[in-house]
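Working notes, structure below.
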Amino acid sequence: MSIEQTSPNHAAKPRVAIVFGGRSSEHAISVSTAGSVLKAIDRSKYEVLPIGITHEGRWALVADEPARMSITDGKLPDVAQVAESVEGQVTLPVSPGNREVVWSEPGSTPKVLGEVDVVLPLLHGPWGEDGTLQGLLELSGVPYVGSGVLASAVGMDKEFTKRILESHGIFAGTYTVVRPREWETEEGRAAARARIAELGLPLFVKPCRAGSSMGITKVKDLADLDGAVEEARRHDPKIIVELGVEGREIECAVLEFEDGPRASVPAEIHVGGDFEFYDFEAKYIDSSEVEIPAKLTADETAEIRRQAVAAFEALGCEGLARVDFFLLNDGRWMVNEINTMPGFTPISAYPKMWEASGLSYAELIDRLLGAALRRSTGLR
């Protein structure tokens, strides 16, 4: 897509800015998600403006070429591969009432690309899924798909997700948090090690504010704890350590309808190969299987759907979310985490669960965009 081809036709259809990439370690998954959405979105109903954010944070005009955005033979895609210019910069509106997107390059006169009606933010992880982009769009007065600032921020932070869920009577596991300053002194590290040891084994050491199973280590021996903490801290200086559980890994998709949020049929994760848990490679590179619908009793299915909607509402989510559970061997449900902007790649569970529930990929995108266009920004 050249710059000259971006003039909108608002009389015909709404214009959607699809924003993806970003500065987090989930950059490649976001690019893959955007490629899948670009393939599926109904071009007879929407005009599309793809905008990629590079690893460095530059907003780039991107070619509308979804085939170049997929994970191929284990090779991860990157915004830089599809950017129209290595130096050009896209600027979103900065004040309410102005929805014009501007393109500028060094030494050239800025070009107005026209107005956008709604933003579909397909960023995963910090600097996008965590309320930061949502805050920018709120300041600009531009409608967008998904949760607002607070729910996005809380959903990104595993500690506060758990705290809020627990306050609503939803079981979220046994855990402790190691804050940045605590790990930076020997006294603090000793206190953290002692607190972690009280949890028992095995443990899962995770970045507190990351997704796509980045930086997670399963610890079976406390001698390996420090290395696991340092690996998690490569992604986030704040970490969470959770006691491992025995059970089945079940996911449920939540979507906001006109009469409120509803839950899809659930899916079960079967980790393939030699993987001990559903880490990044097992999720996106190897051959783990997602079984849809999960083989559950009618009562179990009803309960996970109830709890998924309860978690969605407890955090104040909007639009969509994926809620990840464990069905423990003792029959209890435990929420593992919530994703306020789940993946939409070809292998992602969220769109597959809704397809199994009777809503196609294109219809799902249409419903999300329609809801965002009807909803105002600001306090609501």
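Aromatic ring orientation, F325 versus W333: perpendicular (interplanar angle above 60°, classes split at 30° and 60°).
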* Run the numbers on E182 and R195 for side-chain contact (heavy atoms from CB on, under 4.5 Å), then give the verdict. => CA-CA 12 Å; E182 184 176 22; R195 194 169 67 249; 2.9 Å; yes

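A heavy-atom distance below 4.5 Å is found between the side chains of L373 and P14. Using a 4.5 Å cut-off on side-chain heavy atoms (C-beta onward), F204 and L243 make no contact. R305 is listed as a side-chain neighbour of C252, based on a closest heavy-atom distance under 4.5 Å.
Side-chain polar atoms of Q307 and E303 form a donor-acceptor pair below 3.5 angstrom. Between the side chains of E56 and T54, at least one donor N or O lies within less than 3.5 Å of an accepting N or O. The closest side-chain donor-acceptor pair between D299 and T297, if any, does not fall under 3.5 angstrom.
Cation-pi geometry between R248 and F326 is not met at under 6.0 angstrom from the ring centre and within 45 degrees of the axis. Remark: R262 qualifies as a cation-pi partner of F257 under the 6.0 Å distance and 45° angle criteria applied to the six-membered ring.
The one candidate from K162, K158, K218 that meets the salt bridge (charged side-chain N to carboxylate O under 4.0 Å, His left out) condition with E242 is K162.
Of the possible donor and acceptor atoms, none in the side chain of T72 sits under 3.5 Å from a partner among the backbone N and O of K75.
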